[in-house]
Structures are given as structure tokens and as C-alpha cells.
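For reference, the structure discussed in these notes is given below.
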Amino acid sequence: MKERYDPHHIEEQWQRTWEQQKLFQAVEDPKRAKYYLLEMFPYPSGKLHMGHIRNYSIGDVVARYKMMQGYSVLHPMGWDAFGMPAENAALEHKIHPAQWTYDNIAHMRSQLKRMGFSYDWDRELATCDVDYYKWEQLIFIRMYERGLVYRKKALVNWCPECQTVLANEQVEGGICWRCHGEVKKKELAGWFFKITAYVEELLEYCDRLPGWPERVITMQKNWIGKSTGAEVAFPLEDGTGAITVFTTRQDTLFGATFMVLAPEHPLVLELCTGKEQEAEVRAFVERVRRQDLIARTAEDMEKEGVFLGTYCINPLTNARMPLYTANFVLMEYGTGAIMAVPTHDQRDFEFAKKYEIPMIVVIRPPGETLDPALMTEAYTEDGVLVNSGPFDGMENRQAMEAIADYLEEKGIGTRAVNYRLRDWGISRQRYWGAPIPIIYCDRCGIRAVREEDLPIVLPLDVGPKENGASPLPDLRAFVETTCPVCGGAARRETDTMDTFVESSWYFDRYTCPDYDQGPLDRERLQYWMPVDQYIGGIEHAILHLLYSRFFTKVLRDLGMVPFDEPFINLLTQGMVIKDGAKMSKSKGNIVDPEDMIKRYGADTTRLFSLFAAPPEKDLEWQEEGVEGGYRFLHRVWRLVYELRGSLSEGPSPIATADLPPELGEMRHKAHKTIKKVTEDIDRFHFNTAIAAIMELVNHLYQTKDSIEATPRTKAVWQEVVEALVVLLSPFVPHIAEELWEALGHKDSVIKAPWPRYDREAITEEEVIVVVQVNGKLRDRLLIPVSAKEEKVKEMALASPKVRRHIEGKEVTKTIFVPKKLVNIVCA
RNA sequence: GCGAGAGUGGCGGAACUGGUAGACGCACUGGACUUAGGAUCCAGCCCGCCUAAAGCGGAUGGGGGUUCAAAUCCCCCCUCUCGCACCA
């Protein structure tokens, strides 16, 4: 054993050993309980960043810990390898996206290996491999057959920068999630996954995911955005039809005084045609359409609209209601038309004030009356109905039900449910993605590729065009094909799939990455899935996590997977921060993991990222803190080095009972540490687990020189130092292996069973009992645990420090908490 | 505006179900060893009174409450972070 700890000397050596011995190979062993630990796979952007290091260090602790506990562990790694950056790099560096991607994968793979993560590399997959995406194409076809995929022309989110369509989930406040550019609206045909077919189940199962963070669940529920109310038909005055609206406030129906249609609503132009307002309406619609998305949905956007020159009839009051079109009504939600109740909806109120539309109060606040002329804002709270015919005097909550019943009876409307969730648009007008397996035939229409004709291989002999556009539409060899039905000439779809499709099922494929009879090998899938613990960033709270849940349900209904939800437990780790801001190139506050490894080694890098903050919180990267971790590892090394002569050769049984006090104390401390570290890892408190190990090391330093080396001492030292090394191993595996070997072991430390604490060793014989007078700490007493309540109270009262404070006072009460405290209350 | 979470030393953070506030680490200060040390070891390190110690008092964003006892529970307020945001 070397005198000094030298991480560079040992780390790569152990990494080679692990690889050669295939120590982390996952095996489907029916005799053992399985544990599937998964971290979100990375996009191969070039090199690892600190966020990756943190994510994967957290995962590795859990994986190694579970392995040592005897679980059969699956801990895989792979690459989310399709996507835009590869195309950008292609243009910038004149390199093919595939080349760029595979180069990056090679580099990042070596970085991951250099960190010593316990992956089963035999299961590695890259989503841009045909062997992966061909199965995705098969799933697409199955979904198409079931009507879960459809094509439609729609007003979609278009990112001019990325030159592609984005799904709703991929637009954050009008900004592209990837390039942060402004998103426009554009009319375009594309393919959609019918995620709305599963909306109820996705919502319902939110409450059956107790292992997920509350806030992720909340975000998903909000995104799904279920609201219940009614659809009501308002007949047009001229009898030519009706306008249907969705409302959650049917209790305010008697107060609806006008109607508003979204500018994109198909009836807008039809209704104003031939009216004197026509020109004005057309101009308004044009103007709103040109407004960009962000401005139009901004909160402070002035509400404006124009009268269509037409009226509806309120089916309950028979009142005439003018029809408007206005910028604040969205075509995407509900029916694209609303009934407006200015007295009880703030938006309608503002609009009505501006255009001087009549207002009728229909809900009276408790003990008050409202005068529309005097109102300065809408009254949106609960109350009692007025001006509502037969419903007058009813509580509005009840009126919601009563009026819904009434509408259904009269055939005017029905109860209805609305969701914000829209179908998932998956067409991307990009090259570097999985081709959508569809063929257009002039005679037979749109046809799915036949299963036996799969895969539709993405041609690699072309790349993005000079202007960034996809080369596929111009590539005759790709586009020109034959119709699977009539055999005549036909064209291929040239859009590729959203890369979120790949990441929606990769975790399933890890269970059987070599399976060639279909997407998934049921037997192996059944053994491993669902994922026991998933770890990744909060930024996927909706996107990837919602899509994956949806996909799981689809695959279940296609008979491919036998479960409802993919991830039992989810841990969302915080960001890595430097100088108070997220690490980013533009801020210039990047710490490159590569530098950290060069300077301190992988173990120190891992140690700091686990010690500096609990996983779910943001982590501030501090160089001094890293130094501290490095120092600690040196300290551990030196401890083992100095004790190397005082250790026994083999294990020998030890009983706490007959040990001299300082040895008993040492065992006591060691076993308490085992307990603490085990409990802390179980609840992901890695920072306090490491702190506990540090305390043990400090204790050993304090006692080591005062203990004589007798055979019995050696046995205790051996036990304690072994425990120390084993406890450290999930966090800093390389140094642990080296020390484990120095302790005389032939097998890897990962083969050592996770230690169990000895109940007897952690039993306290004496405890410190705190004595308070009127809740203030006055003394601490060392008291045998066996001491009875009366005895302890007696001792407390006898303490001079206590007596000083109760002198001359009357003791009214004494609180006794066994093994903890005595509180003497006096007047 | 709505929803969620968080405010603890100079800093990162501890404190599981109310029971010693500040574990552990960083930074800082002093000492030892040393040719030297930014290596290592030991000690100190919330604030105030006091030369110091003992002692006493104060302290977990602010204010109030419950309790023998509150960082922890309840109410009000302030600040910050995140998510949603004209969703009818």
C-alpha cells in the first residue's frame, strides 16, 4: 500500500478491472429481487457537464448500494441521439450529423467510464441506431392501425429558428424550449399522437404515483387542465343556426349579455358577410392573426374586439346578445366561442365597459347587493342567484347543478368536460430524426408502411441543406416508392418524428436491447419493469415524463407491456449553480468536469457533488468545497495506512459486552454510523450520510493513538475500518476498492454485503439528559438508561446549576421525557 | 393574479414523529511540527455583556398564538425561487 493517496494512480486501474470482470452486468435472476435504477439518458451534445455528473453520481450511489444489498440491479446508460444540435453542428463544422453524434457518444462514453459509474455497458443503446428506431416505426404503425395516430392540418407552433413544428409542451411562454427563440403560429399539416384519448387515465393516475414529487404531479395536473361545466347552444337571431360555447359558470347564464368568438373561429367571416361591419371585422381578424403569439397572450394585453353585426338569443332569457370577435378568446380552447357575463367575469367586465354593453347582476354576495353601474370589477365569488327566473334565491354552487339539469332537460345544452391538453404533434420538418413510416399514394391515399418493409432507414449519404432545411423531400431515392396496396408509384412521408418519441420508451428497451423479434421481449421486460427509481432534472416535469406515461399506456393497450405506469419513484435533482447562476456558456461560469477529474480525480468530484447539497436542491459549486472533499479522502487513506499494522488478518467474533470502554465506544460509534448511513441513503440524504462517515473518521483519529495493539484491539480495528470502507464505497468507489484490497480482500468491495448494525453495539448504557427550568437549559446529566423517572427527577433537582434557578420558587410541575430531558416548571 | 416550495452563523448546509439549535464541510483565527509550507496535526469559531473564564441574556425572515417546551404546529405579514397564466 502506498503511503499517499493518489487518485490518478488507482482510478483508471479499477475502472478496467470492473469492466473486465463485468461486475455491473445485469442478470435476470428470478431468485433475487430486482431493482431498476435509471437516470435520464443524455443528449450527446459533446461532453458531460456538471449537471450530468451530479445526476449520475446520485444514481450511482443508489445502484451500488442496492447491489450490495443483494438486489439484482439494472443500471443502464444510452443516448438520446436524434435532434437539432447535430444538424446545426453539421452546418457549422461541415461534418455529417451522424458522424458528429457518434463522435460525441464515443467521447462522452469515455467520460462516463472515467467517472466510474456502475453501468451495464452491454445494454447501451443510441436512439439514432436503426436497430432502435425501426421498432419505434413498428409501434407507430400499430398506433396508426388503432387510430392513435392521425394526420391533420392545424394551426401549429412553428419555430423559425429551428425551422420546425413544436408540440404545445415544447413551447414555454411563447418561447421554443430548445433554442429560446420566438414561436409563431402556422397552418400546417402534420401527424399527431392521440394523447387526449388517455387524458382521463393520465389525470387519474396522478394520484396513484405516491413516489413522485408533489410539484411534478401538480404541474402535470395543471397541464392536463381538466375543467367541468356545460356546453350550451345559443341560437342565432336569424334562425340560421347556433353558436355553441363551453362554460364552467352555467350558474351565471342569466347574466350573459353578449357572445365572443375567437378571431380564428370559422363562423366569424361567415356571419359578418354582407353586414356593414364586414370590412372592419376582416381588418381586425387580419391584424390579430399577424400579432405574434406572445404579445397576444400577455397579461396586460388590451382587450379589443369588433361587433359582427349579428345577434344570438340567450336561451334562458330570450334576450338579444350581440356577437363580437375579440383578441382574448382563444380558438384552441373549448369551442373557440364564449358567452360573456360581464358582472361575474373580469375579462368580460373589462370588455363590456369598453364597448358599453349592458350588464346584469345574477349573483349577489352574502348580505349585499350589487349595482352594475357602480361595480369596478367583476364579482367572481360565491353567492345567491338573482335575476335568474326560477333559480332566484339558490346558492350558486347548487345552481350549477340545477341549471345543468335544466339545460339537459330542455335540450339546450349538456354537461361537458374540457381539457387543456392537446394531441401531441410529432411531425418535425427535420432531417436528423426517425422517418415516419407513411406512404402517400394518389390512388389509395395515405397508407402505413407494411411491417415487413421496415425499417425505413434514414439515408446517411445526405445531410442538411445549406439553409438548414431537410434534404429528404428532394431526395428521389428516398421519396419515390411504391404503394403497399396497389403497387403503383407513391411518395414517402419526409417528416421525421419528434425526438421525444424515442425517449418515451427507451427505458423499456434497456431491458432487452438485443431483442430482434419485436420492440420488446416480454419476459425480460416483465422481470425489470417498471423502473424502481428514476432520476433526472425537473425541466422534464411535463414534457418527457408525460409523454412516457402516455406511451406506456399505449404500449399496454397494444399488448406490448404489462403495466400502467413506467416509473414508480421519481427524484428530480436540482441544478448546478456557480456564483449564484446556472452554469452556462453565456454566463462564462462553467466548471468542466474534465478539469475536476484531472485535478482531483473522479472520487472527489463525485463526493463533492453529493456532499454539498441534498439532491433535490440546487448545488452551488465551490472550489474550496471540492478541496475539502479531497482532503477528507486523503485523511481516510492515511488512517488506513497508519493502522495497517494494527489490523487482524481475518474476521474474529466480537462482543461489545466485554470490551474495554474505549474499544466499546469505537464499535458503538461505528455501528451507529452504519445505521445512520443506511437510513440516509434510503431517503436520499447523501450529504448527511457522508457527514456521518466524516464523524466516524474524526472519532477514529482521536482514539487511534490511545489504543494498544492487542489481538482483541486488532479485531475491533479491523471490523471498524472495514465498515468504514464499505460505507464509503457507493460514494467513492475507487478509493474504497483500493483500501478494501489493502485490508486483505480479493473480491471487489461491491461483492461485500452491505453491513448491518449490531443492536447490542448501538445500545447506550448512559445518556445525557437535559435539565431545563421553565424551558431553559440549565444542566446536562449523564444518567444510566435504566434510571427510573423518580430517580432522574431527584438528580435533576439536586443539581447546583438547577437549584440556583428554583431557589425560593415553588415547583408546580415536572416534565419527564425518558432518555432525553427533565423540565422543571416553577412559579 | 393562481398554485407549489423555501427563508437557520461569514458561506454550503444539519436538526427523523415538537424536546441540547447550528452536525458535517468551507472560510477565518491561534498553536504544534518544519529550512519552508497553500502539506499535516491540535484547538477556537452564532451574537451581546465580561480582560478572560464561569455566568447571564439574545437568536432559526417579521409579528402574534398554542404548549411545560416551537426552526418544527396554527394565524397574519414580508422576501425569494419555481410552475401556470386572458383556459371561459
Side-chain angles (χ1 to χ4, degrees), chain A residues 4 172-173 213-223 225-227 229 245-249 252 256 260 262 296-303 326-330 332-341 345-348 350-351 418-420 538-539 541-542 574-575 577 607-608 611-614 616-629 631-632 634-635 638 676 679-680 683 685 687-695 697-698 701-702 705 768-780 801 804-805 812-817 819-826:
Chain A
R4 269 182 63 84
E172 297 159 351
E214 188 63 39
R215 65 186 194 123
V216 174
I217 293 293
T218 309
M219 282 165 75
Q220 293 220 346
K221 282 184 179 172
N222 285 346
W223 188 259
K226 179 178 183 173
S227 52
V245 304
F246 171 74
T247 180
T248 55
R249 295 298 306 273
T252 63
V260 191
R296 192 174 150 194
T297 53
E299 191 184 2
D300 51 6
M301 186 66 187
E302 171 83 14
K303 289 170 187 44
N327 59 351
F328 71 96
V329 175
L330 309 173
E332 297 87 38
Y333 189 78
T335 61
I338 62 161
M339 66 172 207
V341 184
D345 181 287
Q346 187 57 26
R347 296 156 296 177
D348 301 350
E350 287 168 31
F351 195 82
N418 227 289
Y419 302 91
R420 287 183 40 196
I538 186 77
E539 65 272 18
I542 296 173
M575 291 185 301
I577 303 280
L607 185 68
F608 179 73
F611 178 65
E616 67 281 2
K617 283 219 205 169
D618 287 349
L619 180 150
E620 169 84 28
W621 196 269
Q622 280 182 316
E623 189 76 22
E624 298 86 350
V626 183
E627 292 275 358
R631 217 151 35 215
F632 169 68
H634 275 281
R635 213 166 133 79
R638 216 163 36 240
K676 169 90 175 141
E679 287 168 356
D680 280 355
R683 48 184 197 138
H685 287 208
N687 54 335
T688 51
I690 293 167
I693 299 174
M694 287 173 166
E695 279 189 68
V697 170
N698 290 346
Y701 262 91
Q702 266 152 22
D705 296 330
I768 292 169
V769 169
V770 171
V771 186
Q772 300 179 331
V773 177
N774 287 337
K776 283 204 165 75
L777 176 71
R778 295 304 177 192
D779 201 4
R780 294 160 217 250
K801 291 178 182 174
R804 245 205 319 267
H805 291 93
T812 52
K813 195 168 23 166
T814 315
I815 310 288
F816 175 72
V817 181
K819 297 190 218 175
K820 283 238 167 85
L821 122 169
V822 174
N823 187 10
I824 299 161
V825 186
C826 47

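Computed from a predicted structure; not experimentally measured. Only this structure's heavy atoms are used, side chains among them; waters, hydrogens and symmetry mates stay out. Chain A is the first sequence line, chain B the second, and so forth, proteins listed ahead of strands; every chain is numbered from 1.
A gap of 8 Å separates the C1' atoms of B:C45 and B:C28, to the nearest Å. Atom name C1', nucleotides B:A15 and B:G64: the rounded distance is 25 Å, in whole Å. To the nearest whole angstrom, the two C1' atoms, one in B:A69 and one in B:U17, are 16 Å apart. Here the separation of B:A71 from B:A6, taken at their C1' atoms, is 13 Å to the nearest Å. With P as the reference atom, B:U66 and B:C75 are 15 Å apart, rounded to whole Å. Using atom P as the reference point in both B:A23 and B:C11, the two lie 15 Å apart (nearest Å). Taking atom P in both B:C26 and B:U40, the straight-line distance is 10 Å, to the nearest Å. On the P atoms, B:G31 is 44 Å away from B:U81, given to the nearest whole Å.
Here A:Arg347 reaches the OP1 or OP2 of B:C87: one of its side-chain N or O atoms lies under 4.0 Å away. Side-chain N/O atoms of A:Asn687 include none lying less than 4.0 angstrom from OP1 or OP2 on B:C24. The phosphate of B:A88 (OP1 or OP2) has no side-chain N or O of A:Arg420 nearer than 4.0 angstrom. OP1 or OP2 of B:G25 has at least one side-chain nitrogen or oxygen of A:Asn698 nearer than 4.0 Å. At the phosphate of B:C56, OP1 or OP2 sits under 4.0 Å from a side-chain N or O atom of A:His805. OP1 and OP2 of B:C84 both lie 4.0 Å or more from every side-chain N or O belonging to A:Arg215. Listed pair A:Arg778 / B:C56 meets the phosphate criterion, a side-chain N or O lying under 4.0 Å from OP1 or OP2. At B:C26, one or more side-chain N or O atoms of A:Arg631 fall inside 4.0 Å of OP1 or OP2 (strictly under the cut-off). Here A:Arg804 does not reach the OP1 or OP2 of B:G55: none of its side-chain N or O atoms lies under 4.0 Å away. Regarding contacts with the backbone of B:A23, every side-chain N or O of A:Thr688 stays at 4.0 angstrom or more from both OP1 and OP2.
Take the nearest nucleotide of RNA chain B for A:Ile690 and for A:Glu350: the residue whose nucleotide is more 5' is A:Ile690. In this structure, A:Gly628 and A:Lys676 both approach RNA chain B, and ranking their closest nucleotides by distance from the 5' end singles out A:Lys676.
For A:Lys801, the side-chain atoms get nearest to B:G55 when compared with the rest of B:A88, B:G13, B:G55. Nearest to the side-chain atoms of A:Lys813 among the listed nucleotides B:A15, B:C68, B:G13 stands B:C68. You'll find that the side chain of A:Leu330 is closest to B:A88, out of B:G57, B:A88, B:A23. Residue A:Met694 places its side chain closer to B:G25 than to any other of B:G25, B:A88, B:G19. The side chain of A:Pro614 approaches B:A14 more closely than any other nucleotide in the set B:A14, B:C24, B:C41. Of the candidates B:C24, B:C87, B:G58, B:C24 carries the atom nearest the A:Ala691 side chain, counting heavy atoms from C-beta on. Out of B:A15, B:G25, B:C41, the shortest distance to the side chain of A:His685 is found at B:A15. With B:C26, B:C68, B:C41 as the candidates, the nucleotide lying closest to the side chain of A:Glu624 is B:C26. Nearest to the side-chain atoms of A:Asn823 among the listed nucleotides B:G19, B:U40, B:G12 stands B:G19. The side chain of A:Gln622 lies closest to B:C11, out of B:A21, B:A88, B:C11.
For A:Asn222 against B:C84, no side-chain N or O and base N or O form a donor-acceptor pair under 3.5 Å. Judged by distance alone, with hydrogens and angles left aside, A:Lys303 brings a side-chain donor or acceptor within reach of the base of B:C86, the pair sitting under 3.5 Å.
A:Asp348 comes within 4.0 angstrom of nothing in the nucleic acid, heavy atoms only. Residue contacts for A:Ser227: at a heavy-atom cut-off of 4.0 Å it reaches the sugar-phosphate backbone alone, with no base atom in range. As judged by a 4.0 angstrom heavy-atom cut-off over every strand, A:Asp618 is placed among residues touching the sugar-phosphate backbone only. Using a 4.0 Å heavy-atom criterion, one finds that A:Gln346 contacts no nucleic acid atom at all. Contact annotation for A:Val825: backbone-only contact, meaning every heavy-atom pair under 4.0 Å involves sugar-phosphate atoms and none involves a base.
Pair assignment for B:A43 gives B:U29, based on Watson-Crick or G-U wobble hydrogen-bonding distances that are each under 3.5 Å. Across all strands shown, B:U17 forms no Watson-Crick or G-U wobble pair with both distances under 3.5 Å. Using N1 to N3 plus N6-O4 or O6-N4 for Watson-Crick, or N1-O2 and O6-N3 for G-U wobble, each under 3.5 Å, B:C56 pairs with B:G48. Pairing of B:C84, defined by two Watson-Crick or G-U wobble distances under 3.5 Å, is identified with B:G1. Across all strands shown, B:U79 is found opposite B:A6 as a Watson-Crick or G-U wobble partner, with both distances under 3.5 Å. When Watson-Crick and G-U wobble pairs are counted only if both distances are under 3.5 Å, B:C24 pairs with B:G12.
Side-chain polar atoms of A:Arg420 and A:Asn222 form no donor-acceptor pair below 3.5 angstrom.
One interatomic measurement links the two molecules: CZ of A:Phe611 to C1' of B:A23, which rounds to 10 Å at whole-angstrom precision. The interatomic distance linking A:Phe608 (CZ) with B:A27 (C1') rounds to 13 Å, in whole Å.
With A:Asp618 contributing its side chain and A:Met575 its backbone, the two residues share a donor-acceptor pair below 3.5 Å. Although no hydrogens or angles enter the test, the distance criterion places no donor-acceptor pair under 3.5 Å between the side chain of A:Thr248 and the main chain of A:Gly229. The backbone N or O of A:Glu302 lies less than 3.5 Å from a partner atom in the side chain of A:Asn327, making a donor-acceptor pair.
The two residues A:Val329 and A:Ala262 come nearest to each other via the heavy atoms O-CB, 3.3 Å.
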Worksheet entry | Check against side chain to side chain contact (heavy atoms under 4.5 Å, CB included), A:Phe328 and A:Asp348 | CA-CA 10 Å; A:Phe328 71 96; A:Asp348 301 350; 4.0 Å; yes
Item to complete: Go through the steps to decide whether A:Arg635 and A:Val697 satisfy the test side chain to side chain contact (heavy atoms under 4.5 Å, CB included), and finish with yes or no.
Response: CA-CA 8 Å; A:Arg635 213 166 133 79; A:Val697 170; 4.2 Å; yes
Worksheet item: Under the side chain to side chain contact (heavy atoms under 4.5 Å, CB included) criterion, do A:Asn823 and A:Lys813 qualify, and how do the steps go?
Response: CA-CA 8 Å; A:Asn823 187 10; A:Lys813 195 168 23 166; over 6 Å; no
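No more than 12 heavy atoms of other residues, nucleotides or ligands shown are found within 6.0 angstrom of NZ on A:Lys820.
Because its glycosidic torsion is within 90° of 0, B:G9 is reported here as syn.
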